[in-house]
Amino acid sequence: MNNYAVYPFPFDKLKIGYQDDAVTLLMRTSEPVCSEGRTALTDMVFQQVTEYLNGQRREFDFPYILRGTEFQRKVWQELCAIPYGETCTYGEIATAVGNPRACRAVGMANHQNPILLAVPCHRVIGANGKLVGYGSGLDMKEALLQLEKKFVQQEEQL
């Protein structure tokens, strides 16, 4: 059984699930803040998420476990290759995992992504450039993409 803690988060609350010494879930939730399951691991994850939201971190290095089908794991691995501040389409991900016609399956894999932010499914957009399909809400997807764009632009100006 997984344990979890819930932290305050700009997008409602952040639920961090873990098993042993690895994160198994990182998701937006409306559950009440719960410090009962807090550990050094969940505190570290929350700190890294806070740094990311403040533009001080682009990659996450906490241990996590991705459980899913072989196809889902391929998609999630490909998501991790999308650079900070950039986007790609569902079709591009489908092609990258060897099945160019699997755009909808890529969307479903994104929807099942258990590790929000660290496996950046928010960086996947529709073929027409529109923001579509984000399990944590399009408001959050748009805010995350704007945040990354802002910090990339600030860095380029230096």
Side-chain angles (χ1 to χ4, degrees), residues 2 4-18 22-35 37-38 41-68 72-73 75-94 96-97 103-158:
N2 290 341
Y4 68 90
V6 179
Y7 291 78
F9 185 53
F11 304 99
D12 208 354
K13 313 287 183 319
L14 183 67
K15 184 174 186 176
I16 305 170
Y18 60 94
V23 172
T24 57
L25 179 73
L26 187 62
M27 66 177 280
R28 179 184 192 179
T29 186
S30 58
E31 294 179 37
V33 171
C34 172
S35 60
R38 283 177 63 171
L41 173 65
T42 64
D43 286 346
M44 176 183 68
V45 172
F46 182 68
Q47 179 64 36
Q48 288 190 19
V49 168
T50 300
E51 291 168 358
Y52 165 80
L53 293 172
N54 291 332
Q56 301 163 320
R57 174 178 290 275
R58 292 184 173 206
E59 295 178 7
F60 298 89
D61 58 11
F62 57 82
Y64 59 83
I65 299 169
L66 288 170
R67 293 187 179 105
Q72 287 172 328
R73 289 191 311 272
V75 169
W76 298 334
Q77 182 178 6
E78 199 60 39
L79 297 178
C80 291
I82 304 170
Y84 178 95
E86 296 184 22
T87 59
C88 70
T89 67
Y90 293 93
E92 290 169 332
I93 297 293
V97 299
C103 298
R104 288 180 186 224
V106 167
M108 286 306 297
N110 280 9
H111 185 72
Q112 297 297 320
N113 172 15
I115 310 291
L116 182 74
L117 302 175
V119 179
C121 57
H122 64 277
R123 295 180 187 151
V124 183
I125 60 174
N128 59 4
K130 293 192 176 184
L131 303 185
V132 293
Y134 189 59
S136 291
L138 291 179
D139 63 321
M140 184 171 166
K141 182 174 191 165
E142 181 176 17
L144 294 173
L145 292 174
Q146 289 298 321
L147 176 129
E148 290 183 8
K149 181 179 178 182
K150 171 186 152 186
F151 289 120
V152 166
Q153 288 173 342
Q154 284 178 353
E155 188 175 271
E156 288 172 352
Q157 292 174 355
L158 295 179

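Hydrogens, waters and symmetry mates are skipped; everything else that's a heavy atom, side chains included, is used.
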- [ ] Look at atom CD of E31 and say whether more than 12 heavy atoms of other residues, nucleotides or ligands are closer to it than 6.0 Å.
- [x] yes
Open item on the list: When you compare the side chain of L26 with that of F60, does any pair of heavy atoms fall below 4.5 Å?
Closed with: no
- [ ] Locate the shortest heavy-atom distance separating Y7 from T42; write the atom from each residue and the value.
- [x] OH-OG1, 2.7 Å
- [ ] Give the intermediate values and the outcome of side chain to side chain contact (heavy atoms under 4.5 Å, CB included) for residues L144 and L53.
- [x] CA-CA 8 Å; L144 294 173; L53 293 172; 4.0 Å; yes
Task: Close side-chain approach of I65 to I115, heavy-atom, < 4.5 Å - done: no
- [ ] Report yes if the side chains of E78 and V106 come closer than 4.5 Å at any heavy-atom pair, otherwise no.
- [x] no
Task: Flag, side chain of Y18 to backbone of G37, donor-acceptor distance under 3.5 Å - done: yes
TODO: Verify, without hydrogens or angle tests, whether Q48 (side chain) and D61 (backbone) share a donor-acceptor contact under 3.5 angstrom.
DONE: yes
Task: Value rounded to 0.5 Å, distance of CZ in R123 from CG in N110 - done: 12.5 Å
Open item on the list: Whether the side chain of N54 engages the backbone of Q56 through a donor-acceptor N/O pair (distance < 3.5 Å, no angle test) should be reported.
Closed with: no
Open item on the list: Against H122, only a single residue in M140, E148, E142 fulfils side chain to side chain contact (heavy atoms under 4.5 Å, CB included); can you say which?
Closed with: E148
Open item on the list: Within the 4.5 Å heavy-atom criterion, are V45 and L14 side-chain neighbours or not?
Closed with: no
Task: Donor-acceptor contact below 3.5 Å, side chain S35 vs main chain R38 - done: no
TODO: Determine whether R58 and V152 make a side-chain contact, defined as any pair of heavy atoms from C-beta on separated by less than 4.5 Å.
DONE: yes
Open item on the list: With a 4.5 Å cut-off on side-chain heavy atoms, are L116 and V49 touching?
Closed with: no
Open item on the list: Testing the basics here: between A118 and C80, what is the closest heavy-atom pair and its distance to 0.1 Å?
Closed with: O-SG, 3.9 Å
Task: Main-chain N/O of Q112 paired with W76 side-chain donor or acceptor, under 3.5 Å - done: no
TODO: Would you sort out whether Q77 and R73 count as a side chain to side chain contact (heavy atoms under 4.5 Å, CB included), showing the intermediate values?
DONE: CA-CA 6 Å; Q77 182 178 6; R73 289 191 311 272; over 6 Å; no
Open item on the list: Does any part of the side chain of K15, heavy atoms only, come nearer than 4.5 Å to the side chain of F9, both counted from C-beta?
Closed with: no
Task: Separation of L66 CG from Q72 CD (nearest 0.5 Å) - done: 10.0 Å
Task: Considering all heavy atoms, the nearest C103-G91 contact - done: SG-CA, 3.5 Å
Task: Closest contact, heavy atoms only, I82 versus C88 - done: CD1-SG, 3.4 Å
Open item on the list: I'd like to check the side chain to side chain donor-acceptor pair (under 3.5 Å) partners of Q47; sequence neighbours left out, ordered by chain and number.
Closed with: E51
Task: Smallest separation among heavy atoms of L147 and Y52, with atom names - done: CD2-O, 3.7 Å
- [ ] Taking the side chain as every heavy atom from C-beta outward, state whether P114 and T24 have any pair of such atoms under 4.5 Å apart.
- [x] no
TODO: Identify the two heavy atoms, one from L79 and one from V124, that lie closest to each other, and give their separation to 0.1 Å.
DONE: CD2-CG2, 3.3 Å
TODO: State the CG-OG distance between N113 and S136, to the nearest 0.5 angstrom.
DONE: 8.5 Å
Task: Which residues share a side chain to side chain donor-acceptor pair (under 3.5 Å) with D139, sequence neighbours left out - done: R28
Open item on the list: Within this structure, what is the CZ-NE2 distance for the pair R104 and H111, rounded to the nearest 0.5 Å?
Closed with: 15.0 Å
